[in-house]
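What follows is one structure encoded as structure tokens, with my remarks underneath.
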Amino acid sequence: MAKSAEAALAAQTVGQAVIPLVNSLQDIIARLDGEDAAGLELPQVAAIGGQSSGKSSVLEALVGRDFLPRGPDICTRRPLVLQLVRHSAAEEWGEFLHAPGRRFHDFEQIKREIQLETDKEAGDNKGVSEKQIHLKIFSPNVLDITLVDLPGITRVPVGDQPSDIESRIRTMIMQYIKHPSCIILAVSPANADLANSDALQLARLADPDGSRTIGVITKLDIMDRGTDARNFLLGNVIPLKLGYVGVVNRSQEDINFNRSVKDALAFEEKFFSTLPAYQGLSHCCGVPQLAKKLNMILLKHITKMLPGLKARINTQLVAVAKEHAAYGDTVESTEIDPCKSITDEDICTAIQNSGGPKGAMFLPEVPFEILVRKQIVRLLDPSLQCAQFIYDELIKISHGCLTSELQKFPTLKRRMTEVVSNFLREMVFDQRRQ
Ligand code: GDP
Ligand code: MG
């Protein structure tokens, strides 16, 4: 597995490389029973950082679709829980928890709906709310994973924001990233002071040993001329266990001109390959590298879960084998064919008789009972015959039980034979009467 998985890790969107692996594991889990047979739970991925740092842009690039409202005036003001749901049909659509059953096939419309919902709860004057927006994206090309786009950290209250907006947003972000299974994408724009990054500061609080934080540095293309983020990407400024990835997302102009995600990726690749400052840093530059890092973490997570899964399968295997052995060897016998003398026509007639000319949506029970009763009657004769055999056998055994000493007491012997025979006969007749 290791080699092919390694090769597949180069896939560009999040989870793509592990989709076949996770799917076959989930198939196995679905066949196990017991209450802990829930699916293979994958960690949530949350993007955190200052306002306009590029969180939504990074998540979109990872999913490979353009559907999140972005821009200087349209920032994320409610947590967006984006659940990717894999399905087998070719169709792709989005569905909101607040509008169940309504399928959004147009991703532009999804963007508008997110904005409308944000305004509904958080007002249209920069207000922020902790009430989530739940969006599910159904697609054949995704992994069942949840991404969370969070409101950005702000300092100065604007519009309808309360005076304690900063601490409120920090608390809200912590709610998500404190979970040990949450992978944190700490997003910092390269055109601001990286050493003061709010994202890294918060991530360190939630994940002190840095085992689940990936540093993402955006906007490398618009840094002050003459500066670059090389030292930062190498971890020389603030070391991070899982390291940093530098990315170039679409600029506002690109968005205004509807530049596609694909074009943006091509631009990013050219950017990193031509700028001397980033030579030799290909392992930590570009959205595909970020996806690769995430895939690697997902793979590690799955590997960690495998021994437990194997143990569960083994335990069930032993239990089933034990149960199987308890039934003993198979007994060969000529049993009665349960369907003999019932034709398909008989079944149709019985169903029609009970359902009337209109028929019924579900198969009614009554014709089944009528047909089964008819078949059970067929068991009567062989059963009575069987009872007779048993009776004869028991009489024979009872004779054998009379010891030779009883020959001396002929009356007692006769009485005993009588009592036993009467008892057995009564049992047979009782059974016949029933
Ligand atoms: P968020 O508030 O953190 O979700 O940030 P957005 O993803 O909405 O991005 C804010 C603005 O920055 C948008 O206008 C983006 O087009 C722009 N932006 C984000 N990343 C980059 C980048 O890498 N380069 C450039 N030039 N612009 C970017
Ligand atoms: Mg955003």
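Heavy atoms only: backbone and side chains are in, while hydrogens, waters and symmetry mates are out. Start at 1 and go down the list; that is how both ligands and their atoms are numbered.
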Under 4.5 Å between any side-chain heavy atoms of [X] and [Y], yes or no?
| X | Y | answer |
| --- | --- | --- |
| C285 | L233 | yes |
| Q375 | I342 | yes |
| L82 | D149 | no |

Quiz item: Charged N to carboxylate O below 4.0 Å: is that the case for R77 and E121?
Solution: no
Exercise. Taking only Lys NZ, Arg NE, NH1 and NH2, and the carboxylate oxygens of Asp or Glu, determine whether R170 and D198 approach each other closer than 4.0 Å.
Key: yes
Self-check item: Sequence neighbours excluded, every pair satisfying side-chain hydrogen bond (donor to acceptor under 3.5 Å, both in side chains) that has a member inside residues 186-195
Solution: S188-S197, D193-N196
Contacting atoms of ligand 1, where contact means under 4.0 angstrom from a heavy atom of [X]:
| X | answer |
| --- | --- |
| Q252 | 13 (C), 14 (O), 16 (O) |
| V248 | 23 (O) |
| G54 | 1 (P), 3 (O), 5 (O), 6 (P), 7 (O), 9 (O), 19 (C) |
| S57 | 6 (P), 7 (O), 9 (O), 19 (C) |

Please indicate whether any nitrogen or oxygen in [X] is less than 3.5 Å from any nitrogen or oxygen in ligand 1.
| X | answer |
| --- | --- |
| T218 | no |
| S52 | yes |
| K55 | yes |
| I222 | no |

Self-check item: Minimal non-hydrogen separation, P189 against T218, with atom names
Solution: CA-OG1, 3.3 Å
Quiz item: Who's closest to atom 16 (O) of ligand 1 heavy-atom-wise, of E253, R250, M223?
Solution: R250
Self-check item: R78 side-chain N/O to Q132 backbone N/O, donor-acceptor pair under 3.5 Å
Solution: yes
Quiz item: Just heavy atoms, cut-off under 4.0 Å: does I255 contact ligand 1 by side chain, backbone, both, or neither?
Solution: side chain
Exercise. Would you mind telling me if ligand 1 is within reach of the side chain of N249, the backbone, both or neither, using heavy atoms under 4.0 Å?
Key: both
Quiz item: Under a heavy-atom criterion of less than 4.0 Å, does S53 contact ligand 1?
Solution: yes
Quiz prompt | R259 charged N/C atom sitting above F267 aromatic ring, 6.0 Å / 45° | solution = yes
Quiz item: Quick one: angle T76 OG1 - the Mg ion (ligand 2) - S56 OG, to the nearest 10°?
Solution: 100°
